[in-house]
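Not measured: the values here are computed from a predicted model. Numbers restart at 1 for each chain; the letters A, B, ... are given by sequence-line order, proteins then strands.
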Amino acid sequence: MPVFALVDCNNFYVSCERVFKPELEGKPVIVLSNNDGCAVARSNEAKALGIKMGVPFFKLRHIINTMDVHVFSSNYALYGDMSNRVMQILDMFTPAMEIYSIDEAFLDFSDFAFTGLKSYAHHIRKKIKKDTGIPVSIGMATSKTLAKLANKIAKSSLKTGGVLDLTSMKFQDRALEITPVEDVWGIGGRYAAYLKLKGIKTALDFKYAATRVIRKKMGINGIRLQRELCGESCYPLAEDINTRRKSVSASRSFKKPVTDLTALSQAISLYISRGAVKLREQNSCAETMTVYVMTSRFKPESFYYNSKTAVFPTASNNTPELIKQGKKILKQIFKRNKQYTKAGIVFSNLVQESHVQQDLFNTKDTARTQRLMETVDNINSQMGRGCVRSAALGSSNKQYWQTISNYRSSAYTTRWDQLLTVC
DNA sequence: TCTGGGGTCCTAGGACCC
DNA sequence: TCTGGGGTCCTAGGACCC
């Protein structure tokens with residue numbers, strides 16, 4: 001029988017900031033999303049003040065000022081690097097693991113013949129805290145969904161000491177009983193509302209609910225979820241999940257609404273060039289590209305969204321070529337007199353660079369443009385993103401459609417000029 | 001005034017073909 | 001008056017995750 005351990009960093013972004021500012025320990029701290037838009041990470045003290053996940057920053061101003069909440073813009077260079085450190089340590093403790101997100105990983109504990117899973121998990125926990133400064137919680141069970149659930153309880157209940165082993169049937173139903181149905185991995189707000197109407201309020205209710213009811217609304221995944229809660233594994237460990245994505249996207253909300261095509265065109269060109277870098281990093285080419293623009297969804301009376309997808313005769317990851325196509329699409333979906341607040345692109349139907357079907361009628365020198373892209377990527381990775389860029393992005397570094405981050409901490413671990421100084 | 005970004009999977013429905 | 005049916009492919013949209 002498989003055994004999964006889910007290791008999840010506690011309030012990860014906040015914990016990363018605290019590693020370099022230990023004086024913030026015990027104080028309310030939040031980290032904002034891109035554009036300083038919403039609270040996306042909160043310390044326990046901030047949670048205790050009632051600051052909810054995803055609440056817009058402007059609605060928090062009052063509580064932040066009166067309760068002395070410390071605020072950070074998100075600093076992905078720092079979090080990405082801290083994440084790598086944690087994952088490297090985890091890798092030493094398991095034959096196989098799946099890095100599920102920036103702050104969590106599933107470890108394969110299936111073949112561990114000994115029964116001391118709990119003390120092993122405590123050991124891992126201590127090691128990570130000592131070597132990186134990041135606190136983690138660990139949940140163990142025979143399915144990923146149950147491991148998730150165990151982790152959640154380990155995190156919130158002090159007496160677990162940050163570790164909960166749910167591999168034995170004995171405690172499973174008790175754990176499900178105290179878990180609201182919306183806290184089950186895979187059940188969001190919409191499903192939870194439906195389930196509650198049907199009298200399904202806890203994870204335990206869900207486990208024993210009529211399959212027909214689940215199936216009707218949630219499809220095949222609902223059935224799998226039900227089995228997972230019974231301890232039967234339906235989602236195997238996926239290794240190397242990050243090495244080759246199935247789609248790559250880039251988008252941003254603007255500082256201020258944008259109305260003219262030129263500015264939108266520059267923004268779209270920037271997202272395409274960022275997306276194309278990601279494609280080249282994983283040696284992929286895209287067969288299709290979707291471009292979309294939208295106005296604020298908080299003004300439903302004037303809301304406008306439009307998108308269009310182009311299919312290329314030859315899959316590509318060539319920035320200038322993609323920008324050319326992107327501009328064409330943008331012209332087709334652009335509508336005048338609209339207050340655009342966000343735009344983006346999605347590359348999908350990705351194929352391996354080496355497997356790209358060449359277009360018979362394509363007479364362009366692909367080897368040459370490929371070398372050019374490599375050179376540009378090399379310069380930018382050494383000199384900083386955007387050092388060499390397409391003219392389509394516009395000349396100014398401070399475009400008004402660019403984004404805000406007023407509370408950014410230093411890139412302590414990835415830039416020499418921002419290393420922490422110890423006096 | 002100010003409301004994130006990047007992913008995944010599934011399903012319904014339309015177009016097309018035989 | 002009667003007006004096929006099934007398979008496949010594609011896309012848009014909906015749901016979820018962190």
Side-chain angles (χ1 to χ4, degrees), chain A residues 6 8-13 30-42 52-62 64 71 73-74 76 79-80 83 98-106 144-145 148 151-152 181-195 214-225 234-235 238 241-257 271 274-275 278-279 282 287-288 290 292 294-300 303 305-311 339 341-350 403-406:
Chain A
L6 176 67
D8 192 320
C9 302
N10 301 349
N11 314 328
F12 182 55
Y13 296 171
I30 62 169
V31 177
L32 302 174
S33 63
N34 273 305
N35 229 7
D36 291 348
C38 307
V40 289
R42 304 151 297 148
K52 301 264 187 265
M53 176 73 177
V55 174
F57 185 38
F58 72 88
K59 288 188 180 172
L60 294 171
R61 285 262 156 73
H62 178 69
I64 283 165
V71 179
S73 300
S74 38
Y76 292 107
Y79 311 148
S83 171
E98 170 187 344
I99 299 176
Y100 179 70
S101 73
I102 192 164
D103 72 337
E104 62 189 299
F106 287 101
K144 282 178 164 180
T145 309
K148 266 291 223 196
N151 188 292
K152 194 152 206 148
V181 74
E182 65 269 25
D183 284 359
V184 174
W185 192 35
I187 298 179
R190 302 293 173 93
Y191 287 157
Y194 165 83
L195 292 169
I214 308 290
R215 167 103 214 185
K216 191 177 164 210
K217 189 79 175 176
M218 301 177 65
I220 188 74
N221 272 336
I223 305 302
R224 286 189 189 132
L225 211 49
C234 301
Y235 301 107
I241 196 132
N242 286 321
T243 52
R244 200 162 271 135
R245 293 173 218 290
K246 294 177 178 170
S247 71
V248 162
S249 57
S251 66
R252 283 291 180 279
S253 298
F254 307 136
K255 266 187 226 174
K256 287 180 185 167
Y271 307 148
R274 286 195 183 154
K278 291 188 210 169
L279 288 177
Q282 60 165 30
E287 279 181 350
T288 59
T290 304
Y292 64 90
M294 63 196 283
T295 63
S296 172
R297 51 180 204 284
F298 299 99
K299 290 179 183 159
F303 183 69
Y305 170 88
N306 205 351
S307 74
K308 199 170 164 70
T309 302
V311 181
Q339 304 268 313
T341 55
K342 182 177 176 177
I345 60 106
V346 184
F347 293 126
S348 43
N349 292 327
L350 307 188
T403 57
I404 311 166
S405 55
N406 290 330

Heavy-atom pair with the smallest gap, counting every atom of Lys342(A) and Ser251(A):
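The answer is CE-OG, 3.7 Å.
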What does [X] touch in the nucleic acid at a heavy-atom separation under 4.0 angstrom: a base, only the sugar-phosphate, or nothing?
X	result
Arg274(A)	nothing
Ile220(A)	sugar-phosphate
Tyr191(A)	sugar-phosphate
Lys148(A)	sugar-phosphate
Val31(A)	nothing
Gly189(A)	sugar-phosphate
Leu32(A)	nothing
Asp36(A)	nothing
Val248(A)	sugar-phosphate

Hey, does the side chain of [X] reach the backbone of [Y] with a donor-acceptor pair shorter than 3.5 angstrom?
X	Y	result
Thr295(A)	Gln339(A)	no
Ser249(A)	Ile345(A)	no
Thr145(A)	Leu225(A)	no
Asn151(A)	Leu6(A)	yes
Ser33(A)	Cys38(A)	yes

First of Tyr292(A) and Met218(A) reached from the 5' end of DNA chain B, by closest nucleotide
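Of the two residues, Tyr292(A) wins.
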If you assign Lys278(A) and Met53(A) each to the DNA chain B nucleotide with the nearest heavy atom, which residue ends up on the more 5' nucleotide?
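Counting from the 5' end, the first nearest nucleotide belongs to Met53(A).
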Are more than 12 heavy atoms, taken from residues, nucleotides or ligands other than Lys308(A), located less than 6.0 Å from that residue's NZ atom?
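No, because the 6.0 Å sphere around NZ of Lys308(A) holds 12 heavy atoms or fewer from other groups.
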What integer number of Å spans the P atoms of dC18(C) and dT3(B)?
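About 24 Å, rounded to a whole number of Å.
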Contact boundaries on DNA chain B for chain A, cut-off under 4.0 Å to non-hydrogen atoms
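Listing 5' to 3', DNA chain B meets chain A from dC2(B) to dT11(B).
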Give me the bend of the helix from dG5(B)-dC18(C) to dC18(B)-dG5(C), using the axes of the five pairs at each end, rounded to 10°.
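Rounded value for the end-axis angle: 10°.
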Cation-pi check, Arg252(A) onto Phe254(A) ring (under 6.0 Å, within 45° of axis):
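Because its charged atom misses either the 6.0 Å distance or the 45° angle limit, Arg252(A) does not stack over Phe254(A).
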Can Ser253(A) and Thr341(A) be counted as having a side-chain donor-acceptor contact under 3.5 angstrom?
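Side-chain D/A pair, Ser253(A) to Thr341(A): absent.
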